[in-house]
Participant: 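Sharing a structure, written as structure tokens. Questions coming.
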Amino acid sequence: MFDADLKPLASSTQGGAFGAEMVPQLKGLLGQRQGAEKLKSYTFFWNNKNQAHFSVVFPIGGLRAKGYGEIILNPIHNLKGIETLLNSSIQLTPNQGDVVYRSADWPDDLSLFSVAQYAVSNKAGDEVLSIRAAFDSSELINEMNMTRNIVLFGFSGLAGVFVVGSLAFLNRMLFQPLQDMVQDLEQVSKGNLKVEIH
């Protein structure tokens, strides 16, 4: 509990060991609010000793707020639900901390997985948590290999048809007439002047 100037009045440490003072970044952001903004609830994501926390600050006293209450939650339990939404293995790591949650089926070898990483920042712009998701890419890689093989086979077949067609065309239009002309010239060189040269 805090007074209207965000000075601590009372606190409960049940469930965690936090001091009576509010997180400095949160206190600074709340101090910047003016007028009716001071009557709205405010949420803030922050780190304490490399553990992610989520604060909800709410006014006490109705339209004439006499102070503020703050509830601090550990968001990791709720963030585990991302695993189901994404249908992939996830890993949660607070900023500059150790992994606080890793899916039971998180792969040891990430070579067949696409890994997406998302940094969660708070309203002060500080990175609070990193979420990594590992998506199984083996089916995609198999489909890409199959597509590659089909494309290579198709282009090889087209190239073969083109080469055979080109040779047939050149034989009919260039090589055969040249061969006929050579034979006609040989006849002329042997003294047969009745041969027509085309």
Side-chain angles (χ1 to χ4, degrees), residues 25 29 43-54 73-198:
Q25 298 108 324
L29 290 169
T43 59
F44 191 72
F45 206 22
W46 53 282
N47 274 334
N48 181 32
K49 299 178 184 173
N50 292 324
Q51 291 294 318
H53 300 286
F54 186 78
L73 307 168
N74 181 347
I76 300 302
H77 175 71
N78 293 334
L79 289 174
K80 291 176 187 178
I82 294 173
E83 185 174 10
T84 305
L85 294 172
L86 295 176
N87 194 25
S88 72
S89 304
I90 65 165
Q91 177 176 288
L92 303 173
T93 310
N95 186 27
Q96 300 176 354
D98 296 326
V99 173
V100 292
Y101 175 75
R102 181 178 287 138
S103 299
D105 59 348
W106 181 263
D108 293 328
D109 179 16
L110 293 172
S111 63
L112 293 178
F113 289 80
S114 297
V115 178
Q117 183 165 336
Y118 179 72
V120 180
S121 298
N122 62 19
K123 294 175 183 176
D126 302 324
E127 184 179 323
V128 178
L129 183 73
S130 174
I131 302 171
R132 293 178 70 200
F135 298 94
D136 187 0
S137 301
S138 58
E139 186 176 323
L140 175 64
I141 291 170
N142 289 339
E143 286 181 22
M144 287 174 53
N145 287 337
M146 187 173 69
T147 302
R148 180 201 61 208
N149 293 341
I150 289 170
V151 168
L152 285 175
F153 179 74
F155 276 118
S156 297
L158 285 174
V161 168
F162 178 76
V163 167
V164 169
S166 296
L167 287 175
F169 176 78
L170 288 173
N171 188 40
R172 183 166 186 225
M173 301 304 283
L174 181 65
F175 299 135
Q176 188 61 44
L178 281 175
Q179 187 177 7
D180 292 344
M181 189 171 79
V182 167
Q183 287 176 356
D184 290 342
L185 288 174
E186 285 178 358
Q187 290 292 326
V188 169
S189 70
K190 291 182 184 176
N192 184 2
L193 299 177
K194 294 183 181 180
V195 176
E196 277 188 40
I197 298 176
H198 303 280

Participant: Does a side-chain heavy-atom distance below 4.5 Å link Y101 with L79?
Facilitator: no
Participant: When rounded to the nearest 0.5 angstrom, what is the spacing between OG in S114 and CZ in F135?
Facilitator: 8.5 Å
Participant: Counting only heavy atoms not in E139 (residues, nucleotides, ligands), do more than 12 fall under 6.0 Å from its CD?
Facilitator: no
Participant: Would you mind reporting whether M181 and L178 have side-chain heavy atoms less than 4.5 Å apart?
Facilitator: yes
Participant: Do Q25 and D126 have side-chain N/O donor and acceptor atoms under 3.5 Å apart?
Facilitator: yes
Participant: Any heavy-atom pair between the side chains of S137 and L112 that's under 4.5 Å?
Facilitator: no
Participant: From N122 CG over to F44 CZ, what is the distance, rounded to the nearest 0.5 angstrom?
Facilitator: 4.0 Å
Participant: Is the closest side-chain heavy-atom distance between Q176 and D180 below 4.5 Å?
Facilitator: yes
Participant: Any idea how W46 and H53 line up, ring-wise: parallel (<30°), tilted (30 to 60°), or perpendicular (>60°)?
Facilitator: tilted
Participant: Are T43 and K123 packed together at the side-chain level, in the sense that at least one heavy-atom pair is separated by less than 4.5 angstrom?
Facilitator: yes
Participant: Which heavy atom of V128 sits nearest a heavy atom of F45, and at what distance?
Facilitator: CG2-O, 3.5 Å
Participant: Decide if atom CG of N87 counts as having more than 12 heavy atoms of other residues, nucleotides or ligands within a radius under 6.0 Å.
Facilitator: no
Participant: For the residue pair N47 and A52, what are the closest heavy atoms and their distance?
Facilitator: OD1-CA, 3.5 Å
Participant: Distance check, rounded to the nearest 0.5 Å: D98 atom CG versus T93 atom OG1?
Facilitator: 8.5 Å
Participant: Can you tell me how far apart CZ (F169) and CZ (F162) are? Round to the nearest 0.5 Å.
Facilitator: 10.5 Å
Participant: Looking only at non-hydrogen atoms, find the nearest pair between P177 and N171 and report the distance.
Facilitator: CD-O, 4.1 Å
Participant: Measuring from atom CG of L92 to atom CZ of R132, what distance do you get when rounded to the nearest 0.5 angstrom?
Facilitator: 11.5 Å
Participant: What is the minimum heavy-atom distance between S121 and E127, and which atoms define it?
Facilitator: OG-CA, 3.9 Å
Participant: Please report the closest heavy-atom contact between Q117 and S130, naming both atoms and the distance.
Facilitator: NE2-OG, 3.0 Å
Participant: Would you compute the distance between atom CG of L85 and atom NZ of K80 and round it to the nearest 0.5 angstrom?
Facilitator: 15.0 Å
Participant: Should the heavy atoms of other residues, nucleotides or ligands under 6.0 Å from CZ of R172 be counted, would the total exceed 12?
Facilitator: no
Participant: Step by step, work out the side chain to side chain contact (heavy atoms under 4.5 Å, CB included) result for N142 and M146.
Facilitator: CA-CA 6 Å; N142 289 339; M146 187 173 69; over 6 Å; no
Participant: Where is the tightest heavy-atom contact between S88 and A134, given as atom of each residue plus distance?
Facilitator: CB-O, 3.3 Å
